[in-house]
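Notes for the one structure printed next.
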Amino acid sequence: MALTGRAALIAALGSIPIGIWEPGWTGILAVNAPLAVACACDFALAAPVRRLGLTRSGDTSARLGETADVTLTVTNPSGRPLRAHIRDAWPPSSWQPGTEVEASRHRLTVPAGERRRLTTRLRPTRRGDRHADRVTFRSYGPLGLFSRQGTHKVPWTVRVLPPFTSRKHLPAKLARLRELDGRTSVLTRGEGTEFDSLREYVPGDDTRSIDWRATARQTSVAVRTWRPERDRHILVVLDTGRTSAGRVGDAPRLDASMDAALLLAALASRAGDRVDLLAYDRGVRALVQGRTAKDLLPALVGAMATLEPELVETNARGLTATALRTAPRRSLIVLLTSLDAAPIEEGLLPVLPQLTQRHTVLLASVADPHIARMATARGNTDAIYEAAAAAQAQTERDRTAEQLRRHGVTVVDATPDDLAPALADAYLALKAAGRL
């Protein structure tokens, strides 16, 4: 079997007569000369890396938890074949922990004057923009003894979007919306504020819905049906201040709030309402306005992708003033923030009347499921202390929520998995009651 590379060189050196290994310059030169010649030839035959042509293509966006494939096209303009080890470097959060080495390193052979493609598969673990770093080439000669190394900057950006895991609840919420809108055989009676049509009375109908004029003109009793008003304005306000940075499970509270906002926006746009987004802490972090139903969700996920919690206390007065400017007419303001007592009592409550006197306000907050587990803990002294602390924390949240309700605010307090459907249900309840 023919030997190549290092194996061939070792075999060649091993065949040198023992006498050559005698001490002295003659023996040293006799041994090193073939090795030096082999290394020089190997280095000379390695393709240069500075002249390589590099371009990128592939995915420019991906949802968190999904994969994105970025293709690197390598063109070898030299007259020597390229045998290379390649490292396509990206930020550490571009891969799942422990998979970076396997995903970012490639081996590639490109014949002289030709080009080849290699694909780097990203699986980001955080939202935001991921920018490609350097591409490092190590070009080897045919023996693999020496190599040329160089780096290239090949720009590319992959935007990692919110995952929108709550979209699985959308079909059920749309079915409820169709019931409210009177488009199914199960008609919701007497709800909403827009007159829809007349139909024949059936036992169980609200007698207040009977249309006596229409009944007098026909032989059966006619009742009015109603549908929720359309073209209402909804302003979703994301609090990106300090409290949104607290982690609940594996993600910040802000991520759960974003997921709930996306489900609400998808549902409201299907209901014919207009949805805007404001992200605020001590300044405007994102603002999405005036989008059509078709463009709304792409605009929202694009704006949310780069949002990160700011470790500052939210300026409640500035948030209120900005919300009032953004929603000059009567609207539903959905405030996704914390139910912690201090930020609410010292920040939001003093300025809340400015919102409630002109708008309908709904506040949604992410609850920590660990608190509920602690409240049921028993068995030893530590567990009992934890249960007492959890009960105290929950009592404070309930007291804060009750203060908000006394100001006319609808409050939704749910765990990350339940927040999105609970917020959608609260929206549908307000719509059914004609409060929008």
Side-chain angles (χ1 to χ4, degrees), residues 1-59 67-92 94-95 98-123 131-156 158:
M1 185 175 78
L3 298 177
T4 60
R6 293 184 180 86
L9 180 63
I10 292 171
L13 294 176
S15 64
I16 298 175
I18 298 298
I20 295 181
W21 294 86
E22 295 176 356
W25 287 105
T26 304
I28 294 173
L29 290 175
V31 173
N32 288 344
L35 179 61
V37 171
C39 291
C41 292
D42 200 45
F43 180 78
L45 292 175
V49 298
R50 294 184 182 276
R51 295 170 52 196
L52 295 175
L54 303 173
T55 57
R56 288 194 187 272
S57 60
D59 296 331
T67 59
D69 291 338
V70 180
T71 300
L72 180 68
T73 302
V74 182
T75 303
N76 178 18
S78 70
R80 288 162 279 179
L82 173 69
R83 309 172 186 87
H85 291 178
I86 302 169
R87 180 174 183 260
D88 189 3
W90 290 75
S94 302
W95 292 282
T99 64
E100 176 183 358
V101 173
E102 179 181 358
S104 64
R105 286 166 170 76
H106 310 270
R107 291 188 178 187
L108 188 67
T109 299
V110 184
E114 296 187 15
R115 62 184 178 185
R116 294 289 186 272
R117 294 184 177 91
L118 59 90
T119 299
T120 300
R121 174 159 292 181
L122 310 180
R123 194 178 184 88
H131 302 285
D133 201 353
R134 296 170 296 176
V135 181
T136 302
F137 285 83
R138 184 170 289 175
S139 172
Y140 289 91
L143 298 179
L145 297 174
F146 266 73
S147 64
R148 304 170 184 263
Q149 182 166 312
T151 60
H152 294 262
K153 294 287 287 186
V154 191
W156 194 259
V158 175

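Numbering of residues begins at 1 and proceeds along the displayed sequence. All of these numbers come straight from a predicted model, not from anything done at the bench.
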Could you tell me whether the side chain of [Y] reaches within less than 4.5 Å of the side chain of [X], counting heavy atoms only?
X    : Y    : answer
W156 : D88  : no
V74  : R116 : no
K153 : R134 : yes
D133 : W90  : no

Distance-minimising heavy-atom pair for [X] and [Y]:
X    : Y    : result
A47  : R148 : O-CD, 3.5 Å
V49  : H152 : O-NE2, 2.7 Å
A112 : S78  : CB-O, 3.4 Å

Working to the nearest 0.5 Å, report the span between [atom1] of [X] and [atom2] of [Y].
X    : Y    : atom1 : atom2 : result
D69  : R121 : CG    : CZ    : 4.0 Å
L52  : L82  : CG    : CG    : 5.5 Å
Q149 : R50  : CD    : CZ    : 11.0 Å
D59  : T71  : CG    : OG1   : 8.0 Å

Practice problem: Using ring pair (Phe, Tyr, Trp, His ring centres under 6.0 Å) as the criterion, list what pairs up with H131, not counting sequence neighbours. | Solution: none

Quiz prompt | Listed partners of R115 passing side-chain hydrogen bond (donor to acceptor under 3.5 Å, both in side chains), at least two apart | solution = none

Indicate every side-chain donor-acceptor pair of residues 100-111 with a distance under 3.5 Å to a residue at least two apart or in another chain.
from, atom 1, to, atom 2, distance (Å)
S104, OG, E100, O, 2.7
H106, NE2, T120, OG1, 3.1
R107, NE, H85, NE2, 3.2

